[in-house]
A.B. asks: 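This is the structure I want to talk about, given as structure tokens.
Chain A is the first sequence line, chain B the second, and so forth, proteins listed ahead of strands; every chain is numbered from 1.
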Amino acid sequence: MTRDQPVRLRSRHLLGIDGLEAEEIALILDTADSLAEIATRDIKKVPTLRGKTVVNFFVEPSTRTRSSFEVAEKRLSADTINFSASTSSFAKGETLLDTARNLESMAPDFIVIRHSQPGAPHFLARHCRCSIINAGDGAHEHPTQALLDAYTIRRHKGRLAGLRVAIVGDILNSRVARSNLFLLARMGAQVRLCGPPTLIPPGLERLGAEVHHVLDRAIEGADVVMALRVQLERMHSGAFPSLREYATLYGITSERLKGAASDVIVMHPGPINRGVELAGDVADGERSVILEQVTNGVAVRMAVLYLLAGEIGREAAA
Amino acid sequence: MKLLLRGGRVLDPDSGVDGKLDVLIEDGRIAEVARSISHRGVETLDLEGLVVCPGFIDMHVHLREPGQEWKETVASGTAAAAAGGFTAVACMPNTIPVNDSRSVTEMILTQAQKFGRVRVYPIGCVTKGQRGEELAEMEDLVRAGAVAFSDDGKPVWSSLTMRKALEYSRIFDVPVIDHCEDPALVDGGVMNEGEMSTRLGLKGWPTVAEDIMVQRDILLAGYTGGHAHVAHVSSAQAVGFVREAKRAKLRVSCEVTPHHLVLDDTAVGEYDTNAKMNPPLRSKADIEALIGAAVDGTIDAIATDHAPHHSDEKCVEFPLAPFGVIGLETAVPVCLDRLVRTGLVPLGRLVELFTIGPARVLRLAAGTLRVGAAADVTVLDLDRETTIRPQEFLSKSRNTPFAGWKLRGAPALTLVAGRIAHDARRS
């Protein structure tokens, strides 16, 4: 497919970015590049995953990620089943292990899991034969989000290495922040994590980040500024006194973006609290690439499914 | 009824004996410890090459009976204890119902009498229903056989209640054992707060939540004159506070678990629920401090916090799994291999931490091979190699972080009141 990259991933699961090699990340991004073109066709479908079954197992509400996976699966001609918290037997108190075994009995090739508990995808990977894709596990990781963010950054900047990327907000509870940190640090970008000390967990420096509590310093000269969604329940837990004060300290406005690089791009994993972490005019402005992130999500998820399917085939042949 | 233990190295920190000696047991008591006791006409166990110690005491176990017999019972828990080299266990009161009354204490002792393979010392609740409010009927509990008070599983969160418990328990001269955590600071944490919890996205349980409670208990022990015992100390700072308290001659003691001495929080790995316990596994620096404190006498006892859970309960998402690991059948081999063989803790000191150390905390007439003492004896084989195989445990549960570990040094023989409770020499 592309250049000198090894044409394979080392695992048949995508449980997180932590543990992926730079070559694997590059491979996924390059693959997404070649698959992106399908979305521009009249008939947006290729037969790559024909006859493969994907279970979208969402035990936590999600619109964007679930739809994005579903579109990606359908464009690759996979059969998809959606299994969400409200319709599942989870409500009846079935354990994750029993649910996983039941899903497994239907012989799916992939389970895409979104779950509120960190490590739930790893749990499935230990107990299932099929390929597990983490679509967000609690505050742990959201690997396809980081991949689509990297893909988007790369399309704009042509590279990841050496870029100054500021990620602003609730780092403590954010799986997006973690996956982005792992990915960007692995690819040689300079990652600045910024938020109130009450929402910054320990040990980030050893994981490769710079930590800031003052927004202007984090933004200074940044090539990319990513705002994270702030959740109201964090205010109730005492992490900050009010949304108003949060917006004053950490809200991204066009005024504050003046300190960034002149060609800065602004990102957000959605959904946005307008006027809190991100001013409306910035979200809708020319530096914003937020909707591109959504578009790119489909290509990146297609790439992940495609590459993991290759690993399944390889293991079956071995 | 006589039994001669012949040819072993007798190591008894209480009496200061360490040498190749024979031990004569008569009517369940130590009758003589001397060189070359005549064995004519006496049943004899040849213990050449083995180390003969006072019976090991585990002052912190959960036997789960009454109420959670699918996890453990007095029968299975004491069988595991005997196999692990323990001649006595003290069991925590967080059963169902909790042991806050004479009737539950008596029930446990009845089960122990019927089915127990080793001695069982019940620990009564500090407060009624372990609710942390009103004191339990301590006199009634002590009269029934309780050796200490604890609301283990939870801290005595109210400083006022702890003050009263320390004051009132002075009547009976027994310790109040506290599970030290400030629940507000723990705030639902499931593993040590640090780089590893950040990486795994798991809620952190910071050492400061333990340190605050340990220091509070020390202050209250000083103020009231009561005896505060810190259960399963896990942090460098907390053990430092205990050291200071002991220097100031306060009535404070503490215990440490084998897992906190040899494992750090990286053992959680990819969300291994068998590495989830409370307090959580800490950092390498904490381990170093704990080992130092075990050697210098700050720590009084090694206790397992044996906490059996069924595999169905542990085989869930990490944050949802119950806290706790079992330890009765792994403690001695883990400590002999990882602490003694590595040179971190002298053998004599380790034996002290398993014998006279906990006996003194609980005021038990045990943990010694002095003439007249009950003939509870633990015999060690320092060269025996074992692999930890959970499927072979006598405990009903399998939740150990040590599965598959290859270890050198193991219990060989366990005698309770002069009778063989477990003999591993044959296998």
A.B. asks: Tell me, side chain or backbone of A:Asn173 under 4.5 Å from chain B's heavy atoms, or both, or neither?
C.D. replies: neither
A.B. asks: Report, in residue-number order, which members of residues 191-216 of chain B are under 4.5 Å from chain A by heavy-atom distance.
C.D. replies: B:Glu193, B:Gly194, B:Glu195, B:Thr198, B:Arg199, B:Leu200, B:Gly201, B:Leu202
A.B. asks: Give, as side chain, backbone, both or neither, the part of A:Arg178 having an atom under 4.5 angstrom from any heavy atom of chain B.
C.D. replies: side chain
A.B. asks: Between A:Leu181, A:Asp18, A:Leu97, who has the most heavy-atom pairs with chain B when the cutoff is under 4.5 Å?
C.D. replies: A:Asp18
A.B. asks: Side chain from CB out, backbone as N, CA, C, O: work out which of these in A:Arg126 comes under 4.5 Å of a heavy atom of chain B, or both, or neither.
C.D. replies: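 Only the side chain of A:Arg126 comes within 4.5 Å of chain B.
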A.B. asks: Verify the neighbour count for atom CD of B:Glu288: are there more than 12 heavy atoms of other residues, nucleotides or ligands below 6.0 Å?
C.D. replies: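 No.
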A.B. asks: Among residues at least two apart in sequence or on other chains, which ones pass side-chain contact (heavy atoms from CB on, under 4.5 Å) with A:Ala227?
C.D. replies: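 For A:Ala227, the residues satisfying side-chain contact (heavy atoms from CB on, under 4.5 Å) (neighbours in sequence not counted) are A:Ile252, A:His268, A:Glu277, A:Leu278.
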A.B. asks: By number, which residues in residues 269-279 of chain B have some heavy atom less than 4.5 Å away from chain A?
C.D. replies: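 Against chain A, the residues of residues 269-279 of chain B that fall inside the cut-off (heavy atoms, under 4.5 Å) are B:Glu270, B:Tyr271.
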A.B. asks: At under 4.5 Å between heavy atoms, what parts of residues 196-204 of chain A are in contact with chain B? List them by residue number.
C.D. replies: A:Pro201, A:Pro202, A:Gly203, A:Leu204
A.B. asks: Is there a side-chain contact between A:Pro118 and B:Glu317, using heavy atoms and a 4.5 Å cut-off?
C.D. replies: no
